[in-house]
**Student:** 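First, the structure itself, so that you have it in front of you.
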2 protein chains.
Amino acid sequence: MYTALLAHIARYVALTSAEAQLVGDNLTLQTVPRKAYLLAAGQTCTANYFVLQGCLRMYFITEKGAEQITRFALENWWITDQSSLLSQRPSEFFIQAVEPTTVAVLDYARQEELLARVPALERYFRLVLQRVVAADQMRFVYQFGLSAEERYHHFSTAFPGFVQRVPQYMLASYLGFTPEFLSKIRARPGGHPAGKAGRHEP
Amino acid sequence: MYTALLAHIARYVALTSAEAQLVGDNLTLQTVPRKAYLLAAGQTCTANYFVLQGCLRMYFITEKGAEQITRFALENWWITDQSSLLSQRPSEFFIQAVEPTTVAVLDYARQEELLARVPALERYFRLVLQRVVAADQMRFVYQFGLSAEERYHHFSTAFPGFVQRVPQYMLASYLGFTPEFLSKIRARPGGHPAGKAGRHEP
DNA sequence: TGAATTTCTTAATCTAGGTTAAGGAGAACC
DNA sequence: GGTTCTCCTTAACCTAGATTAAGAAATTCA
């Protein structure tokens, strides 16, 4: 049922089978149809989501009313609004399925209890969070260190599979520019080389 | 010696005095003169730094050769290049003292050993990292949801003390625009209301 | 399968913020 | 107590990318 998640945990820490059982007991499985929401702005975030299958996006609405995507979550990624989760105050974010998606839901209230019983998970989440911070840091370097066009080229070279998996206007939003500008870039010579290899995940 | 750090830990988890002793034994104290570096691009990051007194900035050099500040660390903040630390590969970042600064240094090699002996610290760092992710998330909202001028006003209203603590060109870099543009904003009517109250930390 | 909805493209026009250049003023240094 | 750095300001000009407005392709789903 949660084999992908248990395998992910095993990459970082070793659990006894009793502990693995306990993990499973504290999760729920949820299928999310395309365009359905796991979280909407105004709601208080209640859980941590692990993507078993599919793709989620997290976004907020800017002052001008535009959707600004802050991150995607693909298979084997955790996603949540840490800010709302910690403060237990209403979120500014939406978490929505880009394609039909299956997630393991770890309810925040049960999480603390579970971590108390399975201390190895404290370590697991610490390591996962370190990686999230590291990824956000590098994201920052690309966002501020490169021009919009360079960002697009860098990203589509690094994750060619992913680029084909989401609508381009979402990619444009994630990279911090408009879909019109993305079209312009792609129309330029060398705009979208028909690459094949490369990683699939951002 | 490390009372500020032990107090910070105590805000999240309880340590026995033997454990607190062990923490102290695995730290070193370092004083960093103004403009000195704890990390420079090209070096592999070897430690996690906790600011006891002073102010650090983390930045990288963009393609155009400009310094782009990614974060500051004031008293009671941890700072490191998670990316370089995890991969043990050369960093892209500089970590430099903005003012004479004292830090507690937790060497990465010793950190893993220490956490194995004091499991409560796994929880401590997990909680600290959750807060870092939450802060980065909100940072993103301000960065992409507001115009440059709104960013400046929001930031200087939220952290008036901090604005007076660092040179303005650093503030401009952190907020993602040029010092010239910051001057332009401040010259506008209502550009820099002489506020007094408010938080000191970003 | 065909209408409705989403997504993508093109092109003209516009603007927030960057760039360049120069001067001024405070702080540190000798 | 002057000279050298650092930092801040102003102003003219410039550009990357936004906005607006159509229309053209794809998808989706009934």
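All values below come from the heavy atoms of this structure, side chains included, with hydrogens, waters and symmetry mates left out. Computed from a predicted model, the values in this text were never measured in an experiment. So you know, we letter chains A, B, ... as the sequences are listed, proteins then strands, and number each from 1.
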**Student:** Just wondering, do Leu15(A) and Val118(A) contact through their side chains at under 4.5 Å, heavy atoms?
**Tutor:** yes
**Student:** Does the distance from a Lys or Arg side-chain N to an Asp or Glu carboxylate O, for Glu113(B) and Arg117(B), drop under 4.0 Å?
**Tutor:** yes
**Student:** Is Glu122(B) paired with Arg126(B) through a side-chain N to carboxylate O contact shorter than 4.0 Å?
**Tutor:** no
**Student:** Tell me whether Ser87(A) contacts the main-chain N or O of Arg89(A) through its side chain, where contact means a donor paired with an acceptor under 3.5 Å.
**Tutor:** yes
**Student:** Rounded to whole angstroms, how far apart are CG on Leu171(A) and P on dT7(C)?
**Tutor:** 14 Å
**Student:** Expressed in angstrom and rounded to an integer, what is the separation of Tyr169(A) atom OH from dA26(D) atom P?
**Tutor:** 18 Å
**Student:** Can you confirm whether Leu22(A) sits close enough to Leu114(A) that some side-chain heavy atom of one is under 4.5 Å from a side-chain heavy atom of the other?
**Tutor:** yes
**Student:** Separation of Gln164(A) atom CD from dA26(D) atom P, in whole Å?
**Tutor:** 15 Å
**Student:** Quickly work out the Ile69(A) CD1 to dT7(C) P distance and round it to whole Å.
**Tutor:** 11 Å
**Student:** Polar atom pairs between nucleotides 17-22 of chain C and protein, under 3.5 Å, N or O only, would you list them?
**Tutor:**
from    : atom 1 : to        : atom 2 : distance (Å)
dG17(C) : OP1    : Ala148(B) : N      : 2.9
dG18(C) : OP2    : Thr178(B) : N      : 3.3
dG18(C) : OP2    : Thr178(B) : OG1    : 3.2
dG18(C) : O6     : Lys184(B) : NZ     : 3.4
dT19(C) : OP1    : Lys64(B)  : NZ     : 3.3

**Student:** Could you tell me if the side chain of Leu171(A) sits less than 4.5 Å from the side chain of Arg165(A), heavy atoms only?
**Tutor:** no
**Student:** Would you kindly give the CG-to-P distance between Leu175(A) and dG17(D), to the nearest whole Å?
**Tutor:** 12 Å
**Student:** Using whole Å, what does the distance between atom P of nucleotide dC8(D) and atom CG of Leu182(B) come to?
**Tutor:** 8 Å
**Student:** What is the separation between atom CD on Gln168(B) and atom P on dA27(C), rounded to the nearest whole Å?
**Tutor:** 14 Å
**Student:** Rounding to a whole Å, what distance do you find between Tyr152(B):OH and dA16(C):C1'?
**Tutor:** 18 Å
